[in-house]
Amino acid sequence: MKEMKPAFEHKEVEKGKVDFWLENHYFEANLKENQDKPPFSMIIPPPNVTGKLHLGHALDTTIIDIICRYKKLNGYDVLFLPAMDHAGIATQAKVEEKLAKEGKNKYEMGRDAFLSEAWKWKDEYASHIRKQWHALGLSMDYTKERFTLDEKMNKVVTLVFKTLYDKGLIYRGERIINWDPVLKTALSDVEVIYQEDKGKFYYFKYWLEDKKEYLTVATTRPETMFGDQAVVINSKDKRYLKYIGKKVINPANNQLLEIIADDYVDPSFGTGVMKCTPASDPNDFEIAKRHNLKMVKIMNEDASLNENCPSKYVGLDRFKARDQLVEDIKDNGNLIKIEEILHNVGHSERSHSVVEPMLSKQWFVKMSVLAKEVMKIQKSKNKTTFFPSRFSKIFYQWLEKTNDWCISRQLWWGHQIPVYTNKKTGKVVCSLTPLDKEKYEQDSDVLDTWFSSALAPFAFLNWPDKNSQLYKRFFPLSLMSTGYDIIFFWVERMAIDGVEFNSVMPFKEVAIHGLVRDEKGRKMSKTLGNGIDPFQVIDEYGCDVLRYSLSTYGTPGLDINYSTNKIKDSRNFLNKIWNASRYIIGIINNNKPVSATKLSFFDKWIISRFNDTLSNIKKNMNKYELGQAASYLYKFIYDEFCSQYLEYTKVSLQSENKEIVESAKYTLYTILKDVLLILFPFAPFICEEIYSYLPDEKKSIYEESYPTPIKISASKNDVELALSVSDAIKEIRNFKSTNLLSPNAPISLNIEASEKVYSQIFPYIQRFSFADKIIRLDKIDAKHFVVLPCFKLEMISSDTSKLEERKKKTIENLNNEISKCENLLSNKGFLAKAPKQKIEEEKAKYAKLKEELNSYLK
RNA sequence: GGGUUUAUAGCUCAGCUGGUUAGAGCGUUACCUUCACACGGUAGAGGUCAGCAGUUCGAUCCUGCUUAAACCCACCA
């Protein structure tokens with residue numbers, strides 16, 4: 001028989017475990033032998049194939065893995081499906097970056113050659129990610145891995161696109177979109193991050209034609225003045241009414257602009273006079289539509305100025321052009337002032353460049369129509385439940401006001417839009433299959449990455465094949481677990497497509513978690529250098545420690561401040577379990593105890609504590625309150641099982657009565673095994689390892705099922721006796737400590753108890769008090785003693801001052817409590833209105849306190 | 001402007017639909033190299049539950065306001 005090491009050594013424990021689980025198909029769903037089990041399904045939020053997984057991924061996947069393992073132990077046929085996301089923009093940017101280092105350029109290479117480079121990249125990173133999944137101990141069904149850009153997915157995407165297109169829910173239109181001038185693509189609204197930037201507010205003179213008067217117009221983006229088509233005032237703004245219909249000179253290019261009235265303008269903002277640049281601002285665009293203004297684009301794809309601007313500026317970058325123009329206007333005497341301001345500026349989520357609102361022809365999904373269906377379901381009893389519930393509101397409110405979704409991207413890496421234009425006739429066709437390249441030209445754009453990941457809950461289960469085993473058995477998903485940061489990106493869109501194509505929400509429940517931050521609550525970032533690499537934690541402390549520390553120190557929906565402190569705490573805890581197990585396994589000595597005919601009161605006490613703990617843990621696991629569940633487990637294992645029970649069994653194990661010894665062994669063994677099963681979802685490696693040392697058990701802890709309450713009832717007397725002994729030992733230790741006596745200093749004790757009680761408690765008191773003399777009395781006749789539920793204890797000492805203090809304090813506390821009770825019980829309102837049970841409890845408490853106090857005063 | 005969250009021990013956080021002597025870990029003090037564990041043990045110290053009102057027999061918990069912090073959405077040129 002192999003021996004357990006004296007400390008938990010993670011590398012040795014983890015070695016070969018994942019392979020062992022894989023070989024035995026423990027991660028696989030939908031196996032024949034599990035067909036009669038109820039299904040439970042989740043998918044991983046597919047990580048981007050752009051690089052290493054970070055701590056956020058580790059948190060996300062650990063939570064899901066814990067839930068899946070828990071469900072599996074509880075008799076479910078669990079599908080935990082792995083997948084990766086092609087991450088259009090992000091991956092293309094990385095591949096381009098890599099090519100640039102090699103001196104290559106995508107335009108020179110051409111689309112096909114570039115895509116083959118991208119696929120190489122994908123293959124490389126996908127294999128990295130798979131290794132990392134294993135390192136994280138994720139029990140996903142690796143035989144069912146999916147990728148958002150594989151061929152099967154392309155068919156689904158095309159079908160979904162065409163269906164929506166035919167229904168008129170996808171359309172092409174020319175509108176102001178968010179343009180990323182670095183990546184040279186359109187972005188959706190959610191891909192734009194607004195942040196408060198320092199900027200300048202420039203005030204210019206717009207002279208009237210007669211050059212006698214001017215209007216003051218302020219702008220933050222002077223370079224857009226080349227696209228100005230009008231100057232706008234509010235029709236109720238008396239200051240400017242007289243100018244309506246007149247013309248002013250654009251100081252940027254000397255063109256005449258008509259002064260028009262539109263109620264969009266806020267008279268109280270700035271000067272109340274606004275310039276209108278229809279092709280560079282969404283609000284100006286709307287005004288222009290109302291007034292039939294021309295829409296002149298003034299920028300190229302890279303946000304340099306185009307030929308619609310004076311030749312001096314053509315080709316200049318927007319910010320250089322801005323400075324140049326301001327200089328030039330200043331030289332002409334038309335600059336009034338420049339104000340420093342803080343304003344919200346949109347940045348690209350990927351390139352971080354300043355987003356340029358720009359007129360552009362793009363593809364859109366009509367969200368309002370689709371969102372309504374989801375809202376309808378969310379108001380019905382078929383709604384998806386959110387944990388914590390407040391996210392349901394956030395989810396719903398977004399649906400209420402979401403704008404159309406810009407889904408086309410000017411990239412190559414992604415699902416190409418299945419729309420073709422007849423080269424001769426110009427007729428536009430959406431087709432499920434590619435059309436003849438001679439006759440048709442396919443739209444060169446690809447779809448937003450989220451367009452495909454939105455289909456994941458059903459597409460990954462082989463939809464549209466509705467007869468597919470996976471789809472039939474596992475859709476809708478039982479639970480979706482993800483961070484609150486991608487509710488809008490992903491959860492909303494999954495709901496929208498899920499409902500449109502399946503008529504039900506694609507997941508029954510959603511559990512939202514927070515983000516991982518550093519110990520001071522700051523975001524982890526490269527620039528701050530405060531990031532923690534999960535794989536370094538695994539290397540140093542082990543996967544179980546990472547998993548335990550990530551999943552148990554947080555509250556659902558709130559951010560977790562992660563620190564080495566938490567890592568070490570987790571390591572210490574797991575080491576504690578390791579050692580307790582080592583101790584128990586040593587006692588068991590390869591003979592599985594089977595009978596419990598003579599349980600001691602401590603055995604019964606720990607069993608009742610275990611049953612309570614189990615019930616609390618289950619309650620919280622079922623609400624996905626992992627931290628809460630783990631804290632019940634921690635308290636039980638550390639304080640009750642290890643610190644107390646394990647110590648107390650040292651008495652019963654030495655008994656000459658074999659039944660008593662066997663019963664203690666039985667209790668130790670049974671609880672150890674059950675505790676391992678409860679801990680297993682959190683820390684699978686160490687639990688599987690310890691389990692392998694248990695005699696006569698199954699091949700793997702994976703073949704066990706979740707613990708049920710241990711069917712041995714403890715009476716109130718057993719529990720009180722256990723608590724009395726615990727308290728007595730604590731009192732003695734406290735006495736020694738406060739008197740600066742060493743813990744094993746001899747002491748003489750008198751105990752007032754019945755013969756029966758005394759015989760039960762004596763061996764415990766003796767062993768843990770190191771008493772050299774204990775005498776049982778019918779009545780303690782001393783000044784200083786301690787009152788316990790089952791007996792009284794007198795510590796004999798030459799210096800009783802500390803005992804006196806202690807007793808005084810105890811009596812004081814009792815008196816405080818008693819007066820609280822008295823106040824409550826004499827309160828007429830309380831007696832009239834409080835629930836009867838509460839009143840009874842309070843009376844009982846009062847009686848007990850009073851009795852205890854009397855015992856001291858007698 | 002709209003919305004959400006947070007405020008509990010020196011630090012990081014629990015407190016499970018209102019009644020507890022308000023808890024844990026780290027840190028800290030004293031003691032212990034006791035035969036599972038120094039990645040340990042024992043015993044302590046440490047809290048006006050941000051503030052003010054209200055509801056209630058009773059509020060850390062519910063409501064309102066105030067203060068402080070974080071986040072999300074929308075956005076004014």
Side-chain angles (χ1 to χ4, degrees), chain A residues 4 6-8 189-190 194 201 217-221 224 232 264-266 268-277 281-284 287 343-344 346 388 390-391 393-394 397-398 401-402 484-485 487-488 514-515 517 519-521 541 553-555 557-563 565-566 568-587 616 619-620 623 625 627-629 631-632 634-635 638-639 642-643 646-647 650 729-730 733-738 740-744 770 813-814 816-817 820 823-824 827-835 838 841-842:
Chain A
M4 284 179 80
F8 165 46
D189 293 347
V190 289
Y194 286 90
F201 211 18
V217 178
T219 178
T220 52
R221 295 194 292 155
T224 62
V232 198
Y264 169 77
V265 177
D266 175 2
S268 63
F269 186 84
T271 59
V273 187
M274 192 185 99
K275 71 189 203 59
C276 178
T277 320
D281 182 281
N283 296 310
D284 293 15
I287 293 172
H343 62 154
N344 270 336
R390 66 171 181 276
F391 289 104
K393 205 169 152 190
I394 291 169
Q397 284 172 349
W398 187 85
K401 56 180 177 186
T402 182
Y484 62 70
D485 55 328
I487 292 175
F488 302 140
L515 309 180
R517 294 168 175 278
E519 55 196 323
K520 289 175 187 155
Y541 296 93
Y553 285 96
T555 305
L558 297 183
D559 292 348
I560 168 175
N561 293 351
Y562 197 65
S563 63
N565 207 339
K566 292 184 168 109
K568 284 187 180 160
D569 289 351
S570 305
R571 189 266 316 262
N572 294 351
F573 176 55
L574 294 183
N575 187 59
K576 186 83 184 172
I577 292 166
W578 177 269
N579 269 296
S581 306
R582 185 165 72 99
Y583 169 69
I584 294 167
I585 286 163
I587 287 167
N616 284 325
K619 214 173 5 179
N620 283 289
K623 291 189 290 184
E625 295 261 8
Q628 202 58 41
S631 108
Y632 279 111
Y634 183 99
K635 267 181 210 156
Y638 219 116
D639 301 341
C642 291
S643 293
L646 242 51
E647 293 302 319
K650 286 171 185 170
I729 290 164
K730 203 169 180 177
R733 284 170 173 168
N734 175 281
F735 169 74
K736 288 185 182 177
S737 180
T738 48
L740 303 175
L741 294 168
S742 89
N744 55 0
F770 297 89
N813 283 341
L814 281 170
N816 281 340
E817 286 307 302
K820 270 192 202 171
N823 283 340
L824 207 49
N827 183 330
K828 281 177 190 166
F830 176 76
L831 294 172
K833 294 189 179 173
K838 179 69 205 164
E841 274 173 31
E842 208 58 37

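- Counting distance only, with no hydrogens placed and no angle test, the side-chain atoms of A/Tyr632 and the base atoms of B/C16 include a donor-acceptor pair under 3.5 Å.
- Across all strands shown, A/Lys736 has no heavy atoms under 4.0 Å from either base or sugar-phosphate atoms.
- Stem analysis of RNA chain B (at least three stacked-register Watson-Crick or G-U pairs, each with both distances under 3.5 Å) gives B:1-7 with B:67-73, B:10-13 with B:23-26, B:28-32 with B:40-44, B:50-54 with B:62-66.
- Nearest nucleotide to the side chain of A/Arg582, out of B/C71, B/C37, B/A77: B/C37.
- For the residue pair A/Ser570/A/Lys568, the side-chain donor-acceptor check at 3.5 Å is not satisfied.
- When distances are taken from the side chain of A/Lys623 to each of B/A77, B/C37, B/C16, the shortest belongs to B/C16.
- Nucleotides B/G40 and B/U34 place their C1' atoms 11 Å apart, quoted to the nearest Å.
- Among the nucleotides B/U4, B/A36, B/A24, the one closest to any side-chain atom of A/Asn579 is B/A36.
- Among the protein residues, A/Asn283 comes within range of the sugar-phosphate backbone only, with heavy atoms under 4.0 Å from sugar or phosphate atoms but none that close to a base.
- Taking both residues in full, the closest heavy atoms of A/Met274 and A/Val217 are given as C-CG1, 4.3 Å, listed atom of the first, atom of the second, then distance.
- Across all strands shown, A/Glu841 has no heavy atoms under 4.0 Å from either base or sugar-phosphate atoms.
- Using a 4.0 Å heavy-atom criterion, one finds that A/Arg390 contacts the sugar-phosphate atoms exclusively.
- Base engagement by A/Leu646 is indicated by at least one non-hydrogen atom pair under 4.0 Å involving a base atom.
- Using a 4.0 Å heavy-atom distance criterion, A/Pro835 is classed as a base contact.
- Base engagement by A/Cys642 is indicated by at least one non-hydrogen atom pair under 4.0 Å involving a base atom.
- B/C37 sits 41 Å from B/U48 when the C1' atoms are compared, rounded to a whole Å.
- As judged by a 4.0 angstrom heavy-atom cut-off over every strand, A/Ala832 is placed among residues making no nucleic acid contact.
- Within 4.0 Å (heavy atoms only), A/Tyr194 reaches at least one base atom of the nucleic acid.
- Closest to the A/Leu558 side chain, of the nucleotides B/A14, B/U12, B/G19, is B/A14.
- Comparing atom distances between the A/Asn565 side chain and each of B/C26, B/G3, B/G19 picks out B/C26 as nearest.
- As judged by a 4.0 angstrom heavy-atom cut-off over every strand, A/Val265 is placed among the base-contacting residues.
- Among the protein residues, A/Asp266 comes within range of the nucleic acid bases, having at least one heavy atom under 4.0 Å from a base atom.
- Residue pairs meeting the side chain to side chain donor-acceptor pair (under 3.5 Å) criterion with at least one member in residues 574-583 of chain A, sequence neighbours excluded, are A/Asn579-A/Arg582.
- B/U4 and B/A22: their C1' atoms are spaced 27 Å apart (whole Å).
- One P atom belongs to B/A24, the other to B/G15, and the distance between them is 15 Å to the nearest Å.
- You'll find that the side chain of A/Lys650 is closest to B/A36, out of B/C57, B/A36, B/A14.
- In the set B/G25, B/U21, B/C57, the nucleotide with an atom closest to the side chain of A/Glu817 is B/U21.
- When distances are taken from the side chain of A/Lys838 to each of B/C75, B/G19, B/C37, the shortest belongs to B/G19.
- Contact annotation for A/Tyr634: backbone-only contact, meaning every heavy-atom pair under 4.0 Å involves sugar-phosphate atoms and none involves a base.
- Counting non-hydrogen atoms under 4.0 angstrom, A/Thr220 reaches the backbone sugars and phosphates but no base.
- Using a 4.0 Å heavy-atom cutoff across all strands shown, A/Lys619 reaches no nucleic acid atom at all.
- B/U67 and B/C75 are spaced 27 Å apart, taking the C1' atom of each and rounding to whole Å.
- Interface remark: the A/Asn344 side chain does form a donor-acceptor pair with the B/C75 base, using a distance-only criterion of under 3.5 Å.
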Problem set entry | Per-nucleotide protein contact string for nucleotides 40-48 of chain B (B base, S sugar-phosphate only, - none; heavy atom under 4.0 Å) | SSSSSS---
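- For A/Phe488, whose side chain is taken as the heavy atoms from C-beta onward, the closest listed nucleotide among B/A30, B/C73, B/U21 is B/C73.
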